[in-house]
Amino acid sequence: MGIDDVIDRMAVLAEELRRDGDRRLAFHNTYLRTTEAVARALRAGAFADPGWVDRWDVAFARLYLDALAADRRGDPVPEPWAVAFGAAAAQPGLPAVRHILLGMNAHINYDLPQALLAVISDAEFGDPEVRARREADHRRIDEVLAVRVGAEDAELQRLQSAATWQDRALQPLNRIATRRFLRESRAKVWANALELSRARAAGPDNYAGRLTELEKLCGRRVADLVRPGPVLLRLAAGGFGVRLNGDARPAGDARPAGDARPAGDARPDGGARLNGDAGPADGARLNGDAGPASGARLNGGARRPVAGGPARRPGAGRDSRARLQAFDPVKVGNLETSLWVTYYRRQWVRFLVSSLRVVHGTFGMSWTRTCHGAWLVLRANQLWAPNPGDPDGARRCMSRFYALLLLTHGRPANPARAARLEVDWWAAHREHQYETGSDTGPLVTALARLYAYVYGTHEEAVRPAAQHRARAMDISDRWVADGRDPGSPLIAEERAELVRCYSALLTAVNR
């Protein structure tokens with residue numbers, strides 16, 4: 001069975017549910033359209049391993065289809081589905097969006113980790129290279145889902161033609177929230193799949209116990225969504241996903257024992273960072289280094305997205321330092337590439353939204369500080385972007401940004417110094433950009449100094465990472481000069497150099 005066979009089966013079931021007046025049709029049709037979108041993405045070559053994604057999607061769909069068939073026969077089903085299906089039967093008057101949320105929650109939180117285990121062996125989970133490829137395709141599904149959010153929201157508006165003016169006013173917020181909840185839950189799904197893999201490797205009894213624990217967690221989360229009241233507020237407070245606790249790590253996982261988060265999942269206290277916000281753990285990305293994306297270069301000579309500085313909680317010790325140095329090079333490289341493209345195309349609103357996600361998701365700041373920090377990041381970019389720009393103004397903004405990190409995490413000790421190091425490499429890049437025939441030596445040195453300060457290591461150790469980053473900038477400069485085409489193959493080259501940069505950086509700071 002392949003994904004096209006799944007679509008055919010779901011289409012037949014949709015007609016049966018429609019004929020029976022079954023309220024589960026709302027979720028079923030949403031899932032059918034999403035599966036069709038994944039199939040189109042497969043045909044378009046959107047995934048690194050399309051054969052694996054096809055098998056994974058089939059395994060995922062089967063779990064829902066088997067539960068639906070069992071419930072229609074009157075047989076028992078797992079607790080999350082029992083709650084979701086029970087609500088469809090007992091409360092048919094619930095809005096369609098509520099039935100969709102119930103189905104999505106049960107399917108993503110409970111079924112998806114099991115589907116991942118069906119197509120990833122424990123040995124593959126323990127192989128960092130294979131796991132990185134699988135996780136990358138897992139994240140690419142988020143891009144497919146994000147595109148579907150607007151269309152699905154429009155479909156809901158059609159189903160609920162009596163929408164109030166409040167519904168229409170909140171529609172943009174609902175779309176943003178939906179994208180956020182999907183990314184958040186899928187990040188936790190990956191972490192839960194790692195936990196289940198560890199349990200499976202320990203034996204059938206261990207696996208059965210952990211799966212039962214996940215079933216109970218998911219059942220409670222779905223039941224919480226059935227209760228009357230504002231669902232979005234409850235989701236904002238408790239999140240869409242659930243998280244298994246764990247203190248073991250798979251073979252090949254370089255994090256200290258006790259830190260059971262997947263590589264690149266770096267939110268404190270076991271939470272899950274949004275996919276788009278992935279980077280070094282516990283607030284440590286300097287666009288490849290340590291912090292939220294802060295600056296960007298336009299064709300006129302401004303710089304590309306770069307990040308703030310290190311962030312360590314007051315009193316943090318070796319565990320915090322280890323989390324700072326445990327990031328996923330693929331995630332960070334993809335994120336930075338997206339930020340560069342967004343900035344160069346002068347999509348300021350998207351850039352600001354990305355900054356909000358990075359600051360909040362990576363550093364765990366309060367929303368008040370997140371909004372303040374993202375605004376400072378944006379203003380620093382805008383002040384530096386013209387040629388000549390305002391380096392003093394950019395340094396002031398970045399110094400205030402680093403001060404927010406100091407208040408939140410206890411580092412960096414000297415916000416003004418961190419800001420100076422950032423703007424120093426901005427200046428080195430601009431000089432290299434406009435001096436024909438100049439080499440990247442001064443730029444690489446400026447970057448290495450920043451890396452060394454952030455990670456507390458020697459400049460020579462991080463110099464290879466700085467060299468790869470400088471090459472990525474040169475490629476980006478060519479892309480900008482060629483017209484900033486979002487379909488240009490130069491973007492893939494740029495991304496590859498950034499991933500190499502972060503791989504070298506990860507090696508250097510974990511020696």
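For this chain, numbers begin at 1 and follow the sequence in order.
- The salt bridge (Lys or Arg N to Asp or Glu O under 4.0 Å) contacts involving residues 42-55 comprise Asp4-Arg43, Asp49-Arg134, where partners must be two or more places apart or lie in separate chains.
- Under the ring-ring contact (aromatic ring centres under 6.0 Å, His included) criterion, Tyr207 pairs with no residue, sequence neighbours left out.
- Val83 has its side chain out of reach of Leu102: every pair of non-hydrogen atoms, C-beta onward, lies at least 4.5 Å apart.
- At least one side-chain heavy atom of Val6 sits under 4.5 Å from a side-chain heavy atom of Met1.
- Lys216 and Glu213 are not joined by a salt bridge, as no carboxylate oxygen comes within less than 4.0 angstrom of a charged side-chain nitrogen.
- Using a 4.5 Å heavy-atom cutoff, the side chains of Trp340 and Trp479 are not in contact.
- Side-chain atoms of Glu135 and Ile120, non-hydrogen and from C-beta on, never get closer than 4.5 Å to each other.
- Between His107 and Leu112 there is no side-chain heavy-atom pair separated by less than 4.5 Å.
- Every side-chain hydrogen bond (donor to acceptor under 3.5 Å, both in side chains) that Arg500 has, sequence neighbours left out, goes to Glu497.
- Contacts of His468 classified as ring-ring contact (aromatic ring centres under 6.0 Å, His included), with partners at least two apart in sequence or in another chain: none.
- With contacts defined as side-chain heavy-atom distances shorter than 4.5 Å, the pair Thr34/Met104 does not qualify.
- Residues passing the side-chain contact (heavy atoms from CB on, under 4.5 Å) test with Ala48 are Asp137, Arg140, sequence neighbours excluded.
- Between Leu68 and His28, some side-chain heavy-atom pair lies under the 4.5 Å cut-off.
- Scanning for side-chain contact (heavy atoms from CB on, under 4.5 Å) contacts around Ala82 gives Val77, with sequence neighbours left out.
- Evaluation of the ring-ring contact (aromatic ring centres under 6.0 Å, His included) rule for Tyr110 yields no partner, not counting sequence neighbours.
- Every residue two or more places apart in sequence or in another chain that forms a side-chain hydrogen bond (donor to acceptor under 3.5 Å, both in side chains) with Asp71 is listed here: Arg24.
- Taking the side-chain contact (heavy atoms from CB on, under 4.5 Å) definition, one finds that Thr457 meets it with Tyr455, Ala461, Val462, sequence neighbours left out.
- Residues satisfying the side-chain contact (heavy atoms from CB on, under 4.5 Å) criterion with Asp205, sequence neighbours excluded, are absent altogether.
- Partners of Trp81 under the side-chain hydrogen bond (donor to acceptor under 3.5 Å, both in side chains) rule, at least two apart in sequence or in another chain, are Asp111.
- Scanning for side-chain hydrogen bond (donor to acceptor under 3.5 Å, both in side chains) contacts around Glu36 gives an empty result, with sequence neighbours left out.
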